[in-house]
Engineer: 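Please read through the structure below; I'll follow up with questions.
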There are 2 protein chains.
Amino acid sequence: MDILYQRFIDHYSGSQQLTDHTKAEICNHLSILHLNKKHVLIKENQQHDFAYFVIKGAVRSYFLKDGIEVNTWFALENDMVGSLQNFNDKPSKETIELVENSTLISINLKKLKPLMFSNIQISNFINAVIEEYALFLEEKIYFSQMMHSIDKYLILLDKEPQLFQRIPLTYIASFLGITRETLSRLRAK
Amino acid sequence: MDILYQRFIDHYSGSQQLTDHTKAEICNHLSILHLNKKHVLIKENQQHDFAYFVIKGAVRSYFLKDGIEVNTWFALENDMVGSLQNFNDKPSKETIELVENSTLISINLKKLKPLMFSNIQISNFINAVIEEYALFLEEKIYFSQMMHSIDKYLILLDKEPQLFQRIPLTYIASFLGITRETLSRLRAK
DNA sequence: ATGATTTTGTGACATATATCAAATGAAATC
DNA sequence: GATTTCATTTGATATATGTCACAAAATCAT
């Protein structure tokens with residue numbers, strides 16, 4: 001098995017020991033992609049069959065609100081990228097786009113998902129993916145409900161310093177729910 | 001099987017047909033509770049073994065930020081109530097409290113969760129619960145990133161009109177990320 | 001390298017919302 | 001039903017953040 005596939009599988013198998021058969025079944029639906037900055041993985045309002053795992057690179061997700069981009073999250077190495085809507089055969093609410101030239105594993109959800117009804121290890125594997133995503137969302141909400149932007153900025157800087165090196169501040173400002181001018185002023189202190 | 005348990009199980013079994021054996025296994029870890037307004041189900045920073053399903057009533061979740069309550073969500077009939085942290089044996093980040101006298105089903109996570117490794121139907125069942133929760137969180141984030149509070153208020157009023165009849169405006173204001181005074185002024189229009 | 005494009009920073013001003021204080025209204029308790 | 005408690009509204013003022021305009025700096029493509 002490719003070492004990169006192994007990295008993806010290990011990341012979500014947790015305490016569970018997957019059999020070689022299960023690993024092979026998962027790998028059947030994986031491929032490795034090398035794509036350039038600005039490449040769009042998933043388009044808002046469209047249906048897609050794939051999710052992605054970041055081997056190397058940076059990705060952002062955004063939706064359009066009154067013509068302006070609202071950034072919802074960023075993914076770096078070992079993060080999962082995708083739309084929960086797509087997982088349920090619905091069109092994505094967000095556009096997912098590369099911020100750096102990246103190496104990704106694509107996961108064919110359309111083919112992998114049905115296996116969760118016959119293979120318990122795959123069911124638990126998918127469970128782990130969704131659970132990690134839900135924890136991430138909770139964290140995000142928790143932190144977005146803090147009143148002052150300065151606090152949010154400092155916490156993000158502390159928790160995810162890499163973002164500030166790799167993601168344009170314009171996107172980060174929008175993620176924090178403020179304008180780029182306000183973020184620039186907060187940083188001036 | 002109790003008709004209320006049936007309602008809970010049906011709500012999350014989706015397309016999946018559960019065997020009587022699985023249903024019985026799940027029911028082993030359910031109980032029905034009648035509790036009064038202000039009763040605290042889950043306390044911030046404490047570990048709890050239960051999640052809850054609302055048969056009748058209203059529930060809110062909040063955490064303390066600089067001594068003031070920040071409301072994170074509300075649950076009404078057929079909603080699930082719990083902390084994802086508790087599901088992973090970690091202390092809850094939020095306090096969960098009844099807003100009305102309520103009838104709930106309690107779910108013993110400590111005992112139910114391990115079954116997902118041996119019973120694929122239970123694994124998929126838990127999957128459905130977490131997935132619905134993640135979709136709910138996504139919705140919440142999607143809508144909290146809109147700039148103007150007035151929009152958020154109007155959308156909430158449109159999507160969840162019952163909340164405004166049953167949940168005090170003070171809590172709703174905090175949920176929207178504004179003060180009760182501001183919400184009151186928005187409503188005056 | 002050079003010019004073009006994108007990203008970031010700064011200033012002046014407008015506006016939404018917070019804060020503090022108090023009055024009114026509604027609900028719970030005795 | 002009267003009294004206490006809690007929830008909501010309204011007013012005056014302060015503050016944080018948005019908006020618009022433009023300059024500076026960094027990055028990209030040829």
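By convention in this document, chain letters (A, B, ...) are assigned in the order of the sequence lines, proteins followed by strands, and residues within each chain are numbered from 1.
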Engineer: Glu181(A) CD to dA25(D) P: how many Å, rounded?
Structural biologist: 18 Å
Engineer: Would you mind reading off the distance between Leu183(B) atom CG and dT10(D) atom C1', rounded to a whole angstrom?
Structural biologist: 14 Å
Engineer: Rounded off to whole Å, could you give me the NZ-to-P distance for the Lys65(B) and dA18(C) pair?
Structural biologist: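 Going from Lys65(B) (NZ) to dA18(C) (P), I get 15 Å.
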Engineer: Counting heavy atoms from C-beta on, name the nucleotide in dG9(C), dT19(C), dG18(D) closest to the side chain of Arg187(A).
Structural biologist: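 Ranking dG9(C), dT19(C), dG18(D) by closest atom to the Arg187(A) side chain puts dG9(C) first.
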Engineer: Do the side chain of Arg180(A) and the base of dG18(D) come within less than 3.5 angstrom through a donor-acceptor pair of N or O atoms?
Structural biologist: no
Engineer: At under 4.0 Å between heavy atoms, what does Ser184(A) touch on the DNA or RNA strands: base, sugar-phosphate, or nothing?
Structural biologist: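 Counting heavy atoms under 4.0 Å across all strands, the contact made by Ser184(A) includes a base.
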Engineer: Is the phosphate of dT17(C) approached by Ser149(B) (side-chain N or O, under 4.0 Å from OP1 or OP2)?
Structural biologist: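 For dT17(C), OP1 or OP2 has a side-chain N or O of Ser149(B) closer than 4.0 Å.
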Engineer: What's the CD-P distance between Gln165(B) and dA7(D), to the nearest Å?
Structural biologist: 18 Å
Engineer: Whole angstrom is fine here: how far is it from OH in Tyr171(A) over to P in dT6(C)?
Structural biologist: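 Atom OH in Tyr171(A) sits about 10 Å away from atom P in dT6(C).
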Engineer: How many whole angstroms separate atom CG of Leu169(B) from atom P of dA26(C)?
Structural biologist: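 It is 13 Å, rounded to the nearest whole Å.
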Engineer: Aromatic rings Tyr133(A) and Phe136(A): how do their planes relate, parallel, tilted or perpendicular, breaks at 30° and 60°?
Structural biologist: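 Answer is parallel, since the angle falls under 30°.
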Engineer: So does Thr170(A) get a side-chain nitrogen or oxygen closer than 4.0 Å to the phosphate oxygens (OP1/OP2) of dT6(C)?
Structural biologist: no
Engineer: Would you say the ring centroid of Tyr142(A) lies under 6.0 angstrom from that of Phe63(B)?
Structural biologist: yes
Engineer: Quick check: on DNA chain D, is the nucleotide nearest Leu186(A) upstream (toward 5') of the one nearest Ile167(B), or the reverse? Name the residue that is more 5'.
Structural biologist: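 Upstream on the strand: Ile167(B).
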Engineer: Rounded to whole angstrom units, what separation is found between the CG atom of Asn36(A) and the C1' atom of dC28(D)?
Structural biologist: 13 Å
Engineer: Can you tell me if the side-chain N/O atoms of Thr182(B) get under 4.0 Å from OP1 or OP2 in dA18(C)?
Structural biologist: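 For dA18(C), OP1 or OP2 has a side-chain N or O of Thr182(B) closer than 4.0 Å.
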Engineer: Salt bridge check: are Glu77(B) and Arg166(B) linked by an N-O gap of less than 4.0 Å?
Structural biologist: yes
Engineer: So Lys38(A), base contact, sugar-phosphate only, or nothing? Heavy-atom distance under 4.0 Å.
Structural biologist: nothing
Engineer: Mapping Lys37(B) and Arg185(B) to their closest nucleotides on DNA chain C, which lands nearer the 5' end?
Structural biologist: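 Looking at the nearest nucleotide for each, Arg185(B) comes out on the 5' side.
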Engineer: On the 0 to 90° scale, with breaks at 30° and 60°, tag the Phe74(A)-Phe175(A) ring pair as parallel, tilted or perpendicular.
Structural biologist: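 The rings of Phe74(A) and Phe175(A) sit tilted, inter-plane angle from 30° to 60°.
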Engineer: Give a yes/no on whether any side-chain N or O of Thr179(A) is located under 4.0 angstrom from OP1 or OP2 of dG18(D).
Structural biologist: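 Thr179(A) to dG18(D) OP1/OP2: side-chain N or O found under 4.0 Å.
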Engineer: When you check the gap from the basic side-chain N to the acidic O, do Lys38(B) and Glu97(B) get nearer than 4.0 Å?
Structural biologist: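 The answer is no: the pair does not qualify as a salt bridge.
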